[in-house]
Amino acid sequence: MSFLAGLNDAQRRAVDHHNGPMLVVAGAGSGKTRALTHRIAHLIGHHGVDPAQLLAVTFTNKAAREMKERLELLLAQKLAQSQFGQPLGTLSAQQQRQLRSRIYQEVIKELWIGTFHALFARLLRFDIDKYRDPDGLTWTRQFSIYDESDAQTLVKEIVTQELGLDPKRFEPKKVRWAISNAKNQGWLPEQLEQEQPGQRGKQVADAYRRYRRALAANNALDFDDLLLLPVQLLQSNEQVRRYWHGRFRHVLVDEYQDTNRTQYDLIKLLVTGGAEPEQFDDWGDRSVFVVGDADQSIYSFRAADFTILMGFQDDFGDRASDEATRTMVKLEENYRSTATILGAANALIAHNTERIDKVLRATRGEGEPITVTRCDDEIAEAEAVVHCLRMLEAANPELRWGGMAVLYRTNAQSRAMEESLVRWGIPYIVVGGLRFYDRREIKDVLAYLRLLVNPADTVSLLRVLNVPRRGIGKTTVQRLTDAAAQLGLPLWEVVNDAEAVRSLAGRSAKGLLQFAELIADLGRRIQDAPPSELVQRVMEQSGYLAELITEGTDEAEERRRNLQELVNAALQYQEENEEGSLEGFLASAALASDADSKDTEQDRVTLMTLHASKGLEFPVVCLVGLEQGLFPSYRSLEDPAALEEERRLCYVGITRAKERLFLSHASERRLWGGMREPAVPSVFLSELPPELVQGDIPRSGGASLRREQRLDRLTRVDREESLPVAANAVRRRAPSKLWAVGDRLHHANFGDGHITHLFGSGEKISIAVKFEGMGPKILDPRLAPIEPLP
DNA sequence: GATGCTTTAGAGTCT
DNA sequence: CTAAAGCATC
């Protein structure tokens with residue numbers, strides 16, 4: 001059995017590549033994950049590469065997990081063949097388990113597969129104490145990882161307290177963004193000051209300098225530091241650089257188009273050991289293998305730069321033409337979508353100017369037309385989408401809710417969708433938005449654990465010092481903080497000093513002493529108790545759980561359930577990581593994304609942003625809110641480069657669909673629950689080939705155009721049941737009713753009226769109705785609350 | 001120091 | 001409309 005079996009020609013060339021550089025330009029659905037996985041299996045199983053010498057970067061933790069599972073299976077299959085001469089599936093369950101366990105122990109456990117952040121956080125756990133900072137800052141291996149809200153807390157404190165700047169002019173959020181941006185470009189405060197001259201630049205640089213100092217004082221790193229610090233460490237410390245460069249002989253990067261400068265620097269340092277890539281030719285038994293698609297670059301807001309991908313051939317490759325090159329392979333055959341869907345995707349992306357020349361070739365049949373629906377507002381849109389999903393579900397026995405996805409530009413759009421889905425009793429899951437680990441109760445308990453690992457973590461200490469309430473108020477905290485600052489100690493050192501507490505705290509002293517005792521007691525368990533037990537202990541011994549139980553509200557009950565879920569998460573972590581330490585669990589919690597936890601087992605419609613949908617596929621995709629200013633976003637309307645990124649995002653969304661694609665837009669949208677805003681159809685709709693689309697393609701930049709049907713023909717269509725009353729909606733179709741011009745009807749809100757026009761054809765039509773005392777109203781007869789009148 | 005009320009600002013995408 | 005922040009009162 002070979003790892004090259006079942007691959008097409010281009011895939012085989014990619015997988016079979018051994019040493020040296022290789023760029024795989026892989027269009028959507030062209031089997032790039034397969035190529036990556038098979039290549040790793042091939043390196044290990046065929047070329048005998050030591051698993052510990054591999055570094056593979058994936059875009060999500062979930063992708064990393066799936067890749068490991070896939071590898072385990074591939075290698076176990078190979079082992080079954082060589083050991084027993086028969087396929088894995090034919091062996092007894094016990095033999096299969098044994099083989100897989102052996103592969104896990106000898107290979108999978110040794111692999112460094114993960115996101116940039118997870119991998120380099122891991123590297124820092126080894127070597128961060130060897131880092132010499134230009135400003136003399138230091139960190140230890142017990143460092144905390146701060147998420148966006150922790151980081152924001154710190155920035156806010158610095159801007160308002162330390163610098164005394166006006167929070168109106170220096171919004172903490174914006175300052176934080178500027179700092180993050182600088183870090184992503186690889187700039188330290190001095191460089192930021194050079195790049196952004198002027199008074200404001202100076203002040204932001206100053207905030208950045210203090211923010212760095214504050215992080216170090218907390219022995220904490222933010223997300224950006226997890227990449228920036230390793231770059232600086234590897235650049236400045238030759239011994240460390242030599243070790244990692246020597247260790248990782250084969251570096252693989254997925255989604256290379258979404259790499260930023262810092263990540264690129266990391267790859268370069270590991271691959272060339274610090275030499276300029278153009279000068280590096282000592283490949284020996286070493287390779288760099290990157291996979292990406294410039295058309296799917298959608299993360300420029302966090303400094304991703306797809307010109308890095310486009311520059312690969314000049315950096316590492318042979319610089320030969322596309323026809324002659326030996327360092328690039330293009331995967332252009334799409335195995336995912338119907339020809340119609342691909343035709344739409346290709347036509348859309350052709351409107352972009354900055355691209356690598358590449359077409360997606362269809363390998364599947366034509367499929368159904370794409371449907372474009374215009375709706376009155378976001379509620380009507382949600383109803384239309386749900387209606388469409390119900391019709392499909394009823395019509396196709398093999399199609400399940402889990403095969404359907406609703407994609408949108410912004411998280412806030414999920415709400416209208418959710419309401420409709422609830423109304424119709426359809427199971428769904430929202431991916432993204434509020435992360436599990438961002439919930440208050442989860443962050444509280446994790447803050448206790450972070451404090452146990454890293455007593456310098458004052459942000460975490462302040463979070464839980466009075467949670468649950470111990471009678472420690474603002475005044476006391478201020479007094480203790482001042483004292484700590486003057487002494488140059490972390491706050492914990494003061495809190496943990498019984499005498500200091502008694503002298504400083506007055507009547508809050510009791511609570512503080514209790515707290516210190518609690519932390520000390522928990523701290524004694526940290527070495528030998530597994531993370532799940534520590535989570536449980538924190539919940540119980542801190543009184544957190546007791547308080548939730550006393551409260552007894554539905555909300556408290558919900559929080560209690562979430563905490564139980566946290567225990568489960570810790571158990572799962574221990575299962576997946578045998579020597580799982582508390583530090584490791586905390587890191588995985590900090591770096592987990594909501595998409596990582598989405599399980600594919602449950603049969604539910606998936607709701608998520610277009611960004612979160614990257615890398616996924618669904619038989620049915622509904623792409624909603626195609627309106628100027630929403631998608632493309634209003635921030636991109638004036639900026640051609642930003643508009644191209646929005647178009648790529650749309651391209652990503654379209655290419656998620658395997659069988660059916662539904663696009664919708666509303667003519668009015670409510671913002672902040674308040675006023676209604678008229679909306680103009682998205683320019684992207686007008687860029688789709690009309691022959692692939694059913695329904696009307698609105699011309700962008702103006703009101704939508706409707707083709708009026710000849711009224712003497714095609715004037716009768718099926719009518720579906722109107723809005724349901726109960727959640728358990730009727731499955732069966734109501735007896736079909738045909739609408740025609742002149743028909744009289746009753747509308748729940750507008751009263752009696754008669755139909756003046758019919759628009760569209762086939763399944764999807766709209767009717768224009770004249771009600772008494774108002775202008776013509778265009779309705780979707782399948783959704784509007786209408787009843788026929790005799 | 002805690003609690004409850006009123007006001008205000010706010011949502012673009014994510015590790 | 002919602003979350004956070006500000007303010008008044010116990």
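To find a chain, count down the sequence lines: A is the first, B the second, and so on, and within it residues start at 1.
Side-chain contact between Tyr146(A) and Leu221(A) is absent, with no heavy atoms from C-beta onward closer than 4.5 Å.
Put simply, Arg415(A) has a side-chain N or O that comes within less than 4.0 Å of OP1 or OP2 on dT2(C). Put simply, Asn61(A) has no side-chain N or O that comes within less than 4.0 Å of OP1 or OP2 on dT15(B). For the pair Asn411(A) and dC14(B), the criterion of a side-chain N or O lying under 4.0 Å from OP1 or OP2 is met. For Asn260(A), no side-chain nitrogen or oxygen approaches OP1 or OP2 of dT15(B) to under 4.0 Å. Phosphate contact (OP1/OP2 of dA5(C), side-chain N/O of Lys156(A), threshold under 4.0 Å): present. Phosphate contact (OP1/OP2 of dC14(B), side-chain N/O of Ser593(A), threshold under 4.0 Å): absent.
With hydrogens and angles ignored, no donor-acceptor pair under 3.5 angstrom links the side chain of Arg302(A) to the base of dT15(B).
Heavy atoms of Glu645(A) sit nowhere under 4.0 angstrom from any nucleic acid atom. Among the protein residues, Gln413(A) comes within range of no part of the nucleic acid, since none of its heavy atoms lies under 4.0 Å from any strand. Residue-level contact check: Asn466(A) touches the backbone only, with heavy atoms under 4.0 Å from sugar-phosphate atoms and none from bases. In this structure, Phe59(A) reaches neither bases nor backbone, as no heavy-atom distance under 4.0 Å exists between it and the strands shown. Using a 4.0 Å heavy-atom distance criterion, Lys614(A) is classed as making no nucleic acid contact.
Arg302(A) forms a cation-pi arrangement with Tyr299(A), by the criterion of a distance under 6.0 Å to the ring centre and an angle within 45° of the ring axis.
Here dT2(C) presents its P atom at 13 Å from CD of Glu555(A), a figure rounded to the nearest Å. The nearest whole Å value for the distance from the CG atom in Asn181(A) to the P atom in dT13(B) is 17 Å. For the pair Glu551(A) CD and dT3(B) C1', the computed distance is 13 Å after rounding to whole Å. The CD atom of Glu627(A) sits 15 Å away from the P atom of dG12(B) (whole-angstrom rounding). Between Leu586(A) atom CG and dT15(B) atom C1' the separation is 17 Å, expressed in whole Å. Rounded to whole Å, the distance from CZ on Arg669(A) to C1' on dC1(C) is 16 Å. Put simply, CG on Asn184(A) is 14 Å from C1' on dT13(B), counting in whole angstrom units. We find that CG of Leu623(A) is positioned 14 Å from C1' of dT13(B), with the value rounded to whole Å.
Taking every side-chain heavy atom of Phe223(A) into account, dT15(B) is the closest of dT15(B), dG12(B), dG1(B). With dG1(B), dG12(B), dC14(B) as the choices, the nucleotide that has an atom nearest any side-chain atom of Thr475(A) turns out to be dG1(B). When each of dG12(B), dG1(B), dT15(B) is scored by its nearest atom to the side-chain atoms of Arg409(A), the top-ranked nucleotide is dG12(B). For His611(A), taking side-chain heavy atoms from C-beta onward, the closest of the listed nucleotides dC14(B), dG12(B), dT2(C) is dC14(B). Considering only the side chain of Tyr634(A), dG12(B) comes nearest among dT15(B), dC14(B), dG12(B). Listed candidates were dT15(B), dT13(B), dG1(B). Nearest to the side chain of Thr609(A) is dT13(B). The side chain of Glu171(A) has dG10(B) as its nearest neighbour among dG10(B), dT15(B), dT2(C).
If you run side-chain hydrogen bond (donor to acceptor under 3.5 Å, both in side chains) between Gln478(A) and each of Thr475(A), Thr476(A), Asp482(A), Thr481(A), only Asp482(A) comes through.
Nearest-nucleotide positions on DNA chain B for Thr476(A) and Thr60(A) put Thr476(A) closer to the 5' end. Mapped onto DNA chain B by nearest heavy atom, Arg469(A) and Val431(A) fall at different nucleotides, with Arg469(A) at the one closer to the 5' end.
Between dG6(C) and dA11(B), the distance separating the two C1' atoms is 22 Å to the nearest Å. Using C1' as the reference atom, dA4(C) and dT13(B) are 23 Å apart when rounded to the nearest Å.
Taking the six-membered ring wherever Trp is involved, the centroid distance between the rings of His665(A) and Phe631(A) does not fall below 6.0 Å.
Ring pair Tyr573(A)/Phe585(A) is tilted by interplanar angle, where 30° to 60° counts as tilted.
Stacking annotation: Phe301(A) is stacked on the base of dT13(B) (ring centroids less than 5.5 angstrom apart, interplanar angle below 30 degrees).
Atom CG of residue Leu119(A) and atom CD1 of residue Ile113(A) lie 9.0 Å apart, to the nearest 0.5 angstrom.
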| task | Check the pair Trp244(A), Phe126(A) against ring pair (Phe, Tyr, Trp, His ring centres under 6.0 Å), reporting the backbone distance first and the verdict last. | result | CA-CA 11 Å; Trp244(A) 296 107; Phe126(A) 286 93; 5.8 Å; yes
